[in-house]
Amino acid sequence: MSPQFPTRAPADPASSPLLGQLNDEQRAAVSLPPEHALILAGAGSGKTRVLTTRIAWLLSTGQVSPGGVMAVTFTNKAAKEMMTRLSAMLPVNVRGMWIGTFHGLCNRFLRAHYKLAELPQAFQILDTQDQLSAIKRLMKQHNVDEERFPAKELQWFIGGCKEEGMRPRDVPARSEDDRRKVEIYQLYEDQCQREGVVDFGELMLRSYELMRDNDPVREHYRRRFRHILIDEFQDTNRLQYLWIKTFAGDGNAVFAVGDDDQSIYAFRGARVGNMADFVREFGVSHQIKLEQNYRSYSNILDSANALIAHNKGRLGKNLRTTQGPGEPVRVYEAPTDLAEAQWAVEEIRHLVGSGLPRHEIAILYRSNAQSRVIETGLFNAGLPYRVYGGLRFFERAEIKHALAYLRLLENPRDDTSFLRVVNFPPRGIGARSIEQLQDAARAAGCSLHDAVSATTGKAGANLGGFVAKIDVLREQTQGLTLREIIEQVLAHSGLLEHYRAERDGADRIENLEELVNAAESFVTQEGFGRDAVALPVDELGQSPASQGIDPDQPLLDEPIASLAPDAETGETLSPLAAFLTHAALEAGDNQAQAGQDAVQLMTVHAAKGLEFDAVFVTGLEEGLFPSERSMSDLDGLEEERRLMYVAITRARQRLYLSHSQTRLLHGQTRYNVRSRFFDELPEHALKWLTPRGGAGQARSAFGWGSGYPSTRLGGSREAVPTVFANPPVPPQKAPPAHGLRPGMKVFHTKFGEGKVQLLEGQGDEARAQINFPRHGVKWLALSVAKLTPVE
DNA sequence: GCAGAGTGTCTTTTT
DNA sequence: GACACTCTGC
C-alpha cells in the first residue's frame with residue numbers, strides 16, 4: 001500500500017484537510033458514500049472544485065486507486081483544468097488516469113480494443129468539415145439529388161441518428177424521403193469503414209456498442225472503474241447517457257454534476273431530461289444542490305433568478321449570495337447598433353479608467369455576426385480586444401492540407417484526404433480526371449489511391465505523379481521523427497512553395513511552421529521520445545490485484561493519453577498517427593493573439609464556464625436574443641432564456657444590458673423591438689440609462705398581442721413579430737405609406753397568401769420580402785405588386 | 001483546367 | 001457583408 005493512501009475510511013469527513021475549505025453543501029457532496037449521486041450545481045457555486053475535490057478525497061481516503069477513477073468532461077479545457085487542480089491537491093500522475101472528454105476517452109478505448117471494434121489500429125478521425133466533404137462525395141457518387149437532400153441536412157441527420165444510438169437498421173423510416181436518408185446513412189457508414197475513418201459520433205457509438213455487446217470487456221471496465229464522475233451532465237445526449245450506463249454496473253458509483261438551468265446545447269442533441277432519467281433509472285438517493293454563489297452581487301443574482309423562474313419544469317434551484325446588492329444592472333437602449341457599440345466602448349473606457357483590467361471585461365452577443373460592429377467601435381477607440389470563435393488552428397485550410405498529406409502517409413485509403421490534396425497545390429488534375437478516377441475506383445472496389453494505376457493517358461500521368469510522390473514520401477519518412485516527417489511533407493508536397501508564391505501566403509507559411517512546433521511539443525508532452533510506453537500501471541502503488549481486478553484480464557492502464565497499446569500485442573500507434581488523432585480531437589485554440597490585456601468578445605455560448613468583473617450583454621432584441629428560429633416553440637424559447645441566464649451569471653460586479661432599435665444584419669437594416677427578457681427582470685435591480693419605453697411602447701402603439709397574426713404552433717406562446725419597418729421612434733425616416741408591417745399576412749393574386757418578412761426602401765422603390773408557403777420567398781416592388789392585407 | 005464573376009445562404013459549438 | 005459554391009469565358 002502506498003503511504004499516501006491510507007486504506008481506512010476517514011472517521012469524520014470534516015477532519016480531512018481537503019474538505020476544510022468547503023461550505024456545508026460542497027462538503028456533503030464531496031464526501032458522499034460510494035453510491036450514485038446527482039449534484040445540482042448552480043452558476044458560480046464551485047462545481048469544478050467539488051468535482052476535483054471529490055476525486056482527491058476518494059483517492060486520499062483510499063477508497064479507490066487512480067486507475068479506478070474515470071472522470072468525463074465535454075471539452076479538453078475542462079479536462080485539463082480538472083487535471084491541473086487535481087495534481088495541485090495530490091501527488092498523483094493525472095495523465096495516467098482516465099480523465100478526459102467523452103470523445104477522448106472513447107478514442108483511447110477504441111485504440112485499445114481496435115480489433116474487437118473492427119477498426120484499423122491507426123484509424124483516423126473525421127472532423128465536421130471532413131465529414132461533410134465525405135458525405136458530398138458520396139452523394140455525387142450515388143446521384144443523390146442535392147436539392148432534395150442538402151448535404152448539410154444529411155450530415156445533421158446522420159449525426160443525429162448516432163447521437164440517439166441508432167444504426168441505419170434502427171432508424172424508423174416513415175416516408176420515402178426517410179428511407180432514402182437511411183440508405184445514404186448506410187452508404188456513408190460503408191464508406192467510412194472502407195476508408196478506415198470514424199467521425200465524432202462514431203467514436204461514441206462504437207465504444208458504446210462494444211461495451212454493450214462484449215461481456216468480458218464490459219465486466220472488465222465495470223470492475224475497474226469504481227467511480228465515474230461526469231461534468232456538465234445537463235449537456236449529455238442520449239448516446240452519452242447510454243454509454244455511461246454501460247459502465248455503471250453493480251458496485252460502482254456515478255457522480256454526476258450539472259445544472260439544468262445552464263442547458264444550452266439542446267440544438268446539438270443534449271437532453272436535460274437525462275438528469276431526471278438518471279435519478280430514476282439509477283435509483284439515485286443522494287441529490288445535493290449547490291446554491292451558494294461565490295461570484296456575483298445580489299442585483300445580478302436577483303436578475304438571474306427572476307429571469308430563469310419563467311421557465312417551466314425546472315429541477316428548482318435558487319442562487320443566493322452573502323454579498324451585498326452591488327451596482328444596479330444598467331440597461332441601455334441605442335438607436336443603432338453602432339451607437340450601442342459606442343456606448344459600450346465609452347463605459348469600458350470608464351471602467352478601465354477606474355482601474356479594471358481590460359481582460360476582466362467581456363462583451364457578449366448571441367451570434368458571431370454581431371461582433372463586427374463592436375470590433376469597429378473598440379478599434380476606433382484604440383482599445384485592445386480579443387475575439388473568441390472563428391477558425392481554430394487545426395481547422396485552417398493550410399493546416400488541413402498538410403494534415404491530409406500526413407494522413408495519406410499513414411493511410412492511403414483515406415479518400416477524403418486524397419481528394420483534398422490531389423490537386424493542391426494545382427498540378428493539372430481537374431474535375432474530369434478525378435471523376436474518371438472515382439469511377440475506376442468504384443468499379444474495382446478499391447481506394448482512389450489504388451485505382452490510379454488503372455488510369456491512362458495524360459490524366460493518368462499526372463495522377464500517377466501524385467501517387468508516386470505520396471508513396472516516395474512514405475518511404476523516405478520511415479524511421480524519421482515526427483518533426484522530420486512533417487518538415488519533409490511540407491517541403492515535398494509543394495505546399496510551402498505554393499504559399500511562398502501567393503501574395504498573402506506569409507501567414508499561412510507561419511502557420512505551417514507552427515504546425516511543426518505543435519508536433520514537437522506534442523512529442524515532448526506525450527512522452528513520445530523513447531520509452532514512453534512502459535510506465536508503471538499505477539503510479540501510486542496500488543496494484544490492480546488489490547482492487548479485486550482479475551489479473552488475467554488485459555489491463556489498459558496505459559499512462560499516455562493518446563497512446564493505448566494493443567491489449568494483446570502491446571503494439572502502439574506511430575507518433576504520426578497519434579498526432580493526427582490529437583489534431584482531430586483537439587482542434588486547438590480559437591484565437592492566436594493571446595496574451596495581452598484585452599477586452600474579451602465572444603458569444604454567450606462561448607462564455608459558459610467563464611466569469612468576468614464586468615459583462616456587457618448586447619443585442620437584446622426580439623429575433624436576435626431570443627433568436628428568431630427559437631421563438632416558434634416553447635422549448636426553443638426556454639433554451640434562449642437559459643442562455644440569457646448563463647450570460648447574466650457570468651458577471652461578478654457589473655452587468656450591462658443593451659439593445660438597439662436598428663441593426664444592420666445580412667446587409668439589411670432591421671428594426672428590432674427590445675427583448676422580452678427585459679420584462680422578466682426585477683425592476684429593483686435595474687437602472688435604465690435611457691428612458692424606459694421607447695421600443696417598449698411599440699407594443700401598445702401597434703396593439704400587437706391582440707390583433708396580431710399569430711403562428712399556431714402547438715402549445716406555444718404567442719409568436720412575436722421580430723422586425724419592425726415602422727419603429728415607434730423612427731431614427732430618421734417618416735413611416736412608409738404602404739401600411740405593411742412585417743409579420744402581416746397579405747394576399748397576392750398570383751402567389752396566394754404570404755407573410756411579410758422584411759420591408760425596405762420608400763415611395764416607388766419600396767419593396768417587401770414576402771414568404772409565400774407555396775412559392776417561396778419573394779421580393780416584391782410595392783408600387784407594382786398587388787397586395788391586399790389579410791385579416 | 002483554371003481564374004474570376006455571379007449566386008445563394010446565413011444561430012448558437014465541441015468533439 | 002462574408003463565405004462557399006457554381007457558372008462562364010479563356
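Labels below follow one simple rule: chain letters A, B, ... track the order of the sequence lines, proteins then strands, and each chain is numbered from 1. Atom set for the values below is all heavy atoms of this structure, side chains included, hydrogens, waters and symmetry mates excluded.
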Side chains of A:H605 and A:R366 in contact at under 4.5 Å (non-hydrogen atoms):
yes

Do A:L637 and A:D635 have side-chain heavy atoms sitting under 4.5 Å apart?
no

A:Y365 versus A:L601, closest heavy-atom pair with distance:
OH-C, 3.5 Å

At less than 3.5 Å, do the side-chain atoms of A:T128 and the base atoms of B:dT13 form a donor-acceptor pair?
no

Given B:dT13, B:dT15, B:dT11, which nucleotide is nearest the side-chain atoms of A:H605?
B:dT13

Picking from B:dT14, B:dC2, B:dT11, which would you name as closest to the side chain of A:R392?
B:dT14

Could you tell me how far apart [X] ([atom1]) and [N] ([atom2]) are, to the nearest whole angstrom?
{"X": "A:E153", "N": "B:dC10", "atom1": "CD", "atom2": "P", "result": "10 Å"}
{"X": "A:L239", "N": "B:dT14", "atom1": "CG", "atom2": "C1'", "result": "15 Å"}
{"X": "A:E147", "N": "B:dT7", "atom1": "CD", "atom2": "P", "result": "16 Å"}
{"X": "A:R427", "N": "B:dC2", "atom1": "CZ", "atom2": "P", "result": "11 Å"}
{"X": "A:F393", "N": "B:dT15", "atom1": "CZ", "atom2": "C1'", "result": "18 Å"}
{"X": "A:M644", "N": "B:dT11", "atom1": "CE", "atom2": "C1'", "result": "17 Å"}
{"X": "A:W156", "N": "B:dT12", "atom1": "CH2", "atom2": "C1'", "result": "15 Å"}

With no hydrogens and no angle check, just 3.5 Å: does a side-chain donor-acceptor pair link [X] and [Y]?
{"X": "A:T581", "Y": "A:R111", "value": "yes"}
{"X": "A:D199", "Y": "A:Q131", "value": "yes"}
{"X": "A:R641", "Y": "A:N311", "value": "yes"}
{"X": "A:T236", "Y": "A:N274", "value": "yes"}
{"X": "A:E621", "Y": "A:S675", "value": "no"}

What nucleic acid atoms does [X] come within less than 4.0 Å of, heavy atoms only: base, sugar-phosphate, or nothing?
{"X": "A:K136", "value": "sugar-phosphate"}
{"X": "A:E202", "value": "nothing"}
{"X": "A:F267", "value": "base"}
{"X": "A:A431", "value": "sugar-phosphate"}
{"X": "A:T101", "value": "sugar-phosphate"}
{"X": "A:D235", "value": "nothing"}

Using a cut-off of strictly less than 4.0 Å, decide whether [X] has a side-chain nitrogen or oxygen near OP1 or OP2 of [N].
{"X": "A:N368", "N": "B:dT12", "value": "yes"}
{"X": "A:N237", "N": "B:dT14", "value": "no"}
{"X": "A:T603", "N": "B:dT13", "value": "yes"}
{"X": "A:N76", "N": "B:dT15", "value": "yes"}
{"X": "A:R268", "N": "B:dT11", "value": "no"}

When you list every nucleotide of DNA chain C with an atom under 4.0 Å from a heavy atom of chain A, which one comes first 5' to 3', and which comes last?
C:dG1 to C:dC5

With the six-membered base ring of B:dT13 as reference, does the ring of A:Y265 sit under 5.5 Å away with planes under 30° apart?
no

The residue, A:E639 or A:N423, whose nearest nucleotide of DNA chain B is more 5′ is A:N423

If you round to the nearest 0.5 Å, how far is CD of A:E81 from CG of A:L51?
10.5 Å

Could you check B:dT12 for me: syn (within 90° of 0) or anti?
anti

